[in-house]
Visitor: 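Got a structure here, written out as structure tokens. Questions coming.
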Amino acid sequence: PQVTPQVGQLLEVIHGEASREALQSALDLRDRKSFRDRYLKPALAGGLIEMTIPEKPNSRLQRYRLTDKGRQWLQRKGEGLIATNLRQNS
């Protein structure tokens with residue numbers, strides 16, 4: 001699936017479970033609405049991340065974590081970077 005640069009950045013900063021605030025801070029973003037619309041919603045819709053409390057999406061205790069699909073995307077991206085580096089160094 002096509003992953004936007006914003007969603008890719010989000011996937012790279014998720015380690016374990018993280019709150020919206022922690023993710024937004026890790027990306028150095030200030031605008032909550034922009035973060036939600038450009039990063040969080042597309043990643044959730046694409047099945048790349050999931051909520052830890054899906055039955056309560058607005059819970060103050062809500063956290064987000066990578067899904068298997070999100071981990072696979074990161075792994076493929078990493079393999080692509082390694083291949084690119086090998087081609088450049090040869």
Side-chain angles (χ1 to χ4, degrees):
Q2 184 66 27
V3 173
T4 66
Q6 292 86 0
V7 170
Q9 290 172 346
L10 175 63
L11 298 180
E12 291 171 359
V13 300
I14 295 181
H15 302 286
E17 297 178 356
S19 67
R20 180 201 50 81
E21 295 89 353
L23 294 172
Q24 206 171 317
S25 176
L27 292 165
D28 198 29
L29 299 170
R30 310 242 184 287
D31 188 317
R32 184 185 301 191
K33 182 179 180 339
S34 174
F35 174 73
R36 189 176 59 239
D37 292 345
R38 297 175 64 206
Y39 294 76
L40 213 49
K41 283 183 178 180
L44 286 165
L48 299 164
I49 66 171
E50 63 187 2
M51 296 179 195
T52 57
I53 315 171
E55 64 279 5
K56 294 184 179 181
N58 296 321
S59 171
R60 65 183 176 79
L61 302 175
Q62 188 66 262
R63 301 286 182 271
Y64 301 90
R65 61 183 167 225
L66 289 173
T67 61
D68 286 341
K69 189 175 179 180
R71 283 188 287 280
Q72 289 170 1
W73 183 87
L74 282 174
Q75 184 177 3
R76 282 195 304 273
K77 180 180 182 265
E79 290 169 356
L81 289 175
I82 291 169
T84 300
N85 288 339
L86 289 174
R87 282 194 301 272
Q88 288 175 350
N89 293 331
S90 59

Visitor: Do the side chains of Glu17 and Tyr64 get nearer than 4.5 Å, heavy atoms only?
Guide: no
Visitor: CG of Leu10 to CZ of Arg38: how many Å apart, nearest 0.5 Å?
Guide: 12.0 Å
Visitor: Between CZ of Arg63 and CD1 of Ile53, what distance do you get to the nearest 0.5 Å?
Guide: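 Between Arg63 CZ and Ile53 CD1, I get 7.5 Å after rounding to 0.5 Å.
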Visitor: Identify the heavy atoms of Lys33 and Asp31 that sit nearest to each other, and give their distance.
Guide: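 It is N-OD1, 2.9 Å.
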Visitor: How long is the straight-line distance from CD1 of Ile49 back to CG of Leu40, given to the nearest 0.5 Å?
Guide: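 So the gap between those two atoms works out to 4.5 Å.
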Visitor: So, does Gln62 use its side chain to make a donor-acceptor pair with the main chain of Ser19 at under 3.5 Å?
Guide: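 Side chain of Gln62 to backbone of Ser19: no pair is present.
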Visitor: Which heavy atom of Pro42 sits nearest a heavy atom of Val7, and at what distance?
Guide: CB-CG2, 3.7 Å
Visitor: Determine whether Arg20 and Arg36 make a side-chain contact, defined as any pair of heavy atoms from C-beta on separated by less than 4.5 Å.
Guide: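 Not touching, per the 4.5 Å side-chain cut-off.
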Visitor: Atom CD1 in Ile14, atom CD in Gln9: separation rounded to 0.5 Å?
Guide: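 The distance works out to 12.5 Å.
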Visitor: Around atom CZ of Arg71, are there more than 12 heavy atoms of other residues, nucleotides or ligands at under 6.0 Å?
Guide: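 Yes, because the 6.0 Å sphere around CZ of Arg71 holds more than 12 heavy atoms from other groups.
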Visitor: So do the side chains of Trp73 and Leu66 get within less than 4.5 Å of each other, counting heavy atoms only?
Guide: no
Visitor: Between Thr67 (side chain only) and Glu50 (backbone N and O only), is there a donor and an acceptor less than 3.5 Å apart?
Guide: no
Visitor: Would you check if the side chain of Lys69 reaches a backbone N or O of Gly46 as a donor-acceptor pair within less than 3.5 Å?
Guide: yes
